[in-house]
Amino acid sequence: MASTNTQRIDISPAQEQLPPVEPCTLVIFGGSGDLARRRLIPALYNLLLDGLLPTNYAVLGLGRTTMTDEEYRDTLRQGLQKFSRQALDEARWSAFSQHIFYLVGDNDAPETYASLKARAEEIERRFGLPGNRIFYLSIPPSSFAAVCEGLDKAGLAARPAPNRPYSRIIVEKPVGRDLASARAINEVTGRVFDESQIFRIDHYLGKETVQNLMVVRFANSLFEPIWNHKYVDHVQITVSEAEGVGTRATYYEEAGALRDMIQNHLLQLLCLVAMEPPYSLDPDVVRNAKMEVLRCLRPITTKDVEKFTVRAQYTEGTAHGAPIPGYRREKGVKPDSTTETYVAVKCFVENWRWSRVPFYLRTGKALPSRASEVAVQFKEIPQILFNANAQAPQPPNVLALKIQPEEGLSLRIVSRVPGTRTQTHPVEMSFKYGEVFGRPSPEAYERLLLDVMVGDASRFMRRDAVEASWAWITQILEAWDKSGQRWLPEYQAGTWGPVEADRLIQNDGRTWRVL
Ligand code: BG6
């Protein structure tokens with residue numbers, strides 16, 4: 001496949017137009033956990049290196065593990081060495097780490113909140129911080145109520161008012177495990193915080209290509225006129241992961257791929273592909289447009305759940321030469337577990353634009369590679385001229401937005417092969433962010449943390465969207481329960497999922513893209 005590139009463009013982060021970021025304190029509930037070490041602290045550190053962090057800030061991690069500030073900084077430093085996008089610079093780290101603190105506390109114990117308030121105020125006095133606070137809930141949802149009430153009682157959750165420091169709360173997934181539990185979480189957070197203070201994170205919305213979806217659609221004249229049922233044959237959204245469940249079995253056993261990935265990441269991607277043009281980039285206008293898509297999703301009921309969904313679990317296999325145990329033999333997984341590690345869904349957005357266009361979604365763990373993309377396949381051309389041979393049809397045009405591992409975009413077109421005879425061949429016009437813009441994209445959490453600091457909620461999930469996607473997903477979960485399916489299809493780790501998933505798409509005369 002050939003590739004085309006525009007010339008390399010260098011735009012440094014400092015040239016980006018960003019609103020001013022006010023000094024603030026970030027309090028991380030679950031501060032000693034994996035997310036803080038792997039994603040949050042590396043994200044803040046990279047914002048610092050890129051000159052995007054406010055000049056004055058503090059981070060206070062809260063957790064049950066007993067640790068001093070110094071010990072906490074040490075564990076974070078190790079995390080940075082492993083997970084930071086940009087290399088660890090000792091001098092920068094040393095200055096950065098002086099802004100990081102740790103408090104031992106139990107989220108569920110009311111006395112924690114008085115200590116938290118005292119510690120936050122003491123740190124804020126020391127740095128001359130104005131009292132803007134962001135509370136990051138990187139904890140199980142079962143503790144959300146206690147945290148919100150604790151913050152409220154301690155006077156740490158003031159509603160927004162002019163000339164008053166802000167309080168914002170970031171809610172990590174899972175926001176529930178079905179519609180009822182999602183509503184309960186939203187009730188609890190909504191009792192204490194105004195919707196404008198709540199940032200429900202879906203880190204896929206912070207990924208470069210995901211944001212580029214709107215730009216491709218609405219900053220080019222080429223695509224939007226053909227972005228509808230007249231020209232689009234179908235859409236494929238794939239999020240494939242090479243790793244198995246790893247150390248997260250306790251959570252995953254209760255979740256499974258439908259709840260873990262489709263309910264949030266893949267449905268959000270679908271919304272961005274399918275939504276109508278919003279009339280402005282105002283967060284609520286964009287979120288209204290996405291909400292409309294969720295409202296138009298055709299429900300999948302017990303009657304057709306087997307026709308439109310496939311769930312499966314991985315068995316023992318190998319990936320890149322390394323053995324992967326079967327899911328049921330992973331640490332922390334029940335030997336008779338029926339949790340799905342793979343899901344494929346065929347769905348429809350029932351509106352004028354997308355009438356009868358199938359959207360095929362698939363995601364799974366222990367697949368051959370980490371590869372994610374949104375691919376829009378256009379309809380075939382008429383069977384005349386270069387497509388006259390019915391035995392060898394021309395491959396249709398495909399626009400693929402690559403989310404990972406390399407972020408970019410490619411367009412498949414048919415071209416003439418140079419020579420004396422008329423011969424055609426598909427070629428790919430592609431661009432890769434890293435190559436064209438001369439610098440790697442920031443990690444999703446960098447962008448999203450910065451968004452919270454400036455109070456921009458566009459890339460966060462609004463309450464109604466969370467509940468609408470859970471309503472659709474819960475119907476599938478209930479249909480699975482009622483369908484009486486006696487066995488769960490299997491796929492060998494390191495392969496592209498079960499044969500049932502191939503049949504799901506092949507029955508429509510289509511195939512999954514090879515990634
Ligand atoms: C998380 C899921 O939301 O996303 C994980 O809980 C999954 O199970 C992860 O591995 C994938 O994120 P990314 O950014 O690595 O594609």
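Atoms within each ligand, like the ligands themselves, are counted from 1 in listed order. Bear in mind that the values here come from a model prediction, so they are computed numbers and not experimental data.
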Distance-minimising heavy-atom pair for Leu269 and Tyr204 | CD1-CD2, 4.4 Å

Tightest non-hydrogen contact, residues Glu443 and Arg85, listed as N-NE, 3.9 Å

Closest non-hydrogen protein atom to [atom], residue and atom name please, with distance?
atom                    : result
atom 12 (O) of ligand 1 : His203 NE2, 3.1 Å
atom 9 (C) of ligand 1  : Glu241 OE1, 4.1 Å
atom 16 (O) of ligand 1 : Tyr204 OH, 2.4 Å
atom 5 (C) of ligand 1  : Arg248 NH1, 3.2 Å
atom 6 (O) of ligand 1  : Asp260 OD1, 2.6 Å

Phe29 vs Phe135 aromatic rings, parallel, tilted or perpendicular, using cut-offs 30° and 60°?
->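 Plane angle between 30° and 60°, so tilted.
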
What orientation do Phe96 and Tyr57 show, parallel under 30°, tilted 30 to 60°, or perpendicular over 60°?
->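 Correct class here is tilted.
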
Evaluating non-hydrogen atoms only, which member of Lys207, Gln404, Lys173 is closest to atom 14 (O) of ligand 1?
->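 Residue with the shortest heavy-atom distance to the ligand atom: Lys207.
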
Pick, from Arg370, His265, Glu243, Glu443, the option with the minimum heavy-atom distance to atom 1 (C) of ligand 1.
-> His265

Give me the one residue out of Asp202, Asn264, Ile201 that meets side chain to side chain contact (heavy atoms under 4.5 Å, CB included) with Lys173.
->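 Of the listed options, the one satisfying the test is Asn264.
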
Which one holds for Tyr252 and ligand 1: side chain close, backbone close, both close, or neither close, with close meaning a heavy atom under 4.0 Å?
-> neither

May I ask you to establish whether Arg362 and Trp496 are in a cation-pi arrangement, using a distance under 6.0 Å from NZ or CZ to the six-membered ring centre and at most 45° from the ring axis?
->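 Here Arg362 passes the 6.0 Å and 45° test against Trp496.
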
side-chain contact (heavy atoms from CB on, under 4.5 Å) between Ile41 and Phe83, worked out | CA-CA 9 Å; Ile41 297 298; Phe83 303 111; over 6 Å; no

Numbered atoms and elements of ligand 1 in range of Lys365, under 4.0 angstrom, heavy atoms =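 Result: 5 (C), 7 (C), 8 (O), 10 (O).
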
